[in-house]
Peer 1: 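I am attaching a structure below and will ask some questions about it afterwards.
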Amino acid sequence: MRYLFIILLIPMVSYAGVKDSEIYTLYRNSPIDFNERIHVATFDADAKEDMHDYNMSNCMIAQEHFQRAVLLDGVKYWCEKGKYKK
């Protein structure tokens, strides 16, 4: 019984560490439909430092790298605060 409690507790503890306000998501548009939002990555690291700055900074770094590497005109990458939203 004790092991069952531990097994059920682990997912709750690991998820409880990152608040929605500390999560950032990287999106891009489609080269066909510029209004379409396509999920690229979610930055939800549970770092010991300020997670807002950590996740936002990593999202912005990835956005800059992806934007420089894009080969199709009109494709844009951007970061938004929060979890993935369609």
Peer 1: Taking only residues two or more places apart in sequence or in another chain, which ones pass side chain to side chain contact (heavy atoms under 4.5 Å, CB included) with Val75?
Peer 2: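 Only Arg28, Asn29, Pro31, Val70, Leu72, Tyr77 meet the side chain to side chain contact (heavy atoms under 4.5 Å, CB included) criterion with Val75.
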
Peer 1: Shortest non-hydrogen contact from Thr25 to Lys83?
Peer 2: OG1-C, 3.5 Å

Peer 1: Report the C-alpha separation of Glu64 and Gln67 in whole Å, then their side-chain angles, then the decisive distance to 0.1 Å, and conclude whether the side chain to side chain contact (heavy atoms under 4.5 Å, CB included) test is met.
Peer 2: CA-CA 5 Å; Glu64 291 170 6; Gln67 196 62 58; 5.8 Å; no

Peer 1: For Phe66 and Leu26, work out which heavy atoms get closest and say how close.
Peer 2: CD1-CD2, 3.8 Å

Peer 1: Nearest 0.5 Å, what's the SG-OH distance between Cys79 and Tyr24?
Peer 2: 9.0 Å

Peer 1: At what distance, to the nearest 0.5 angstrom, does CG of Asn58 lie from CG of Asp53?
Peer 2: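 CG of Asp53 is found 11.0 Å from CG of Asn58.
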
Peer 1: In the hydrophobic cluster built from side-chain contacts under 4.5 Å, what are the other members alongside Ile32?
Peer 2: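 Traced through the cluster, Ile32 reaches no other member.
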
Peer 1: Measure across Tyr54 and Ala45 and return the closest heavy-atom pair with its distance rounded to 0.1 Å.
Peer 2: CE2-CB, 3.5 Å

Peer 1: Please identify each residue that fulfils salt bridge (charged side-chain N to carboxylate O under 4.0 Å, His left out) with Glu80, with sequence neighbours left out.
Peer 2: Arg37

Peer 1: Run the side chain to side chain contact (heavy atoms under 4.5 Å, CB included) test on Ile38 and Glu36 for me, step by step, so that the C-alpha distance in whole Å, both residues' side-chain angles and the decisive distance to 0.1 Å come before the verdict.
Peer 2: CA-CA 6 Å; Ile38 299 171; Glu36 184 178 357; 4.1 Å; yes

Peer 1: Apart from Trp78 itself, which Ile, Leu, Val, Met, Phe, Trp or Tyr residues share its cluster (side-chain heavy atoms under 4.5 Å, direct or through members)?
Peer 2: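 Via sub-4.5 Å side-chain contacts, Trp78 links to Tyr27, Tyr84.
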
Peer 1: Please round to the nearest 0.5 Å and tell me the distance separating atom CZ of Phe43 and atom CE of Met56.
Peer 2: 12.5 Å

Peer 1: Can you list the residues that meet the side chain to side chain donor-acceptor pair (under 3.5 Å) rule with Ser30, with sequence neighbours excluded?
Peer 2: none

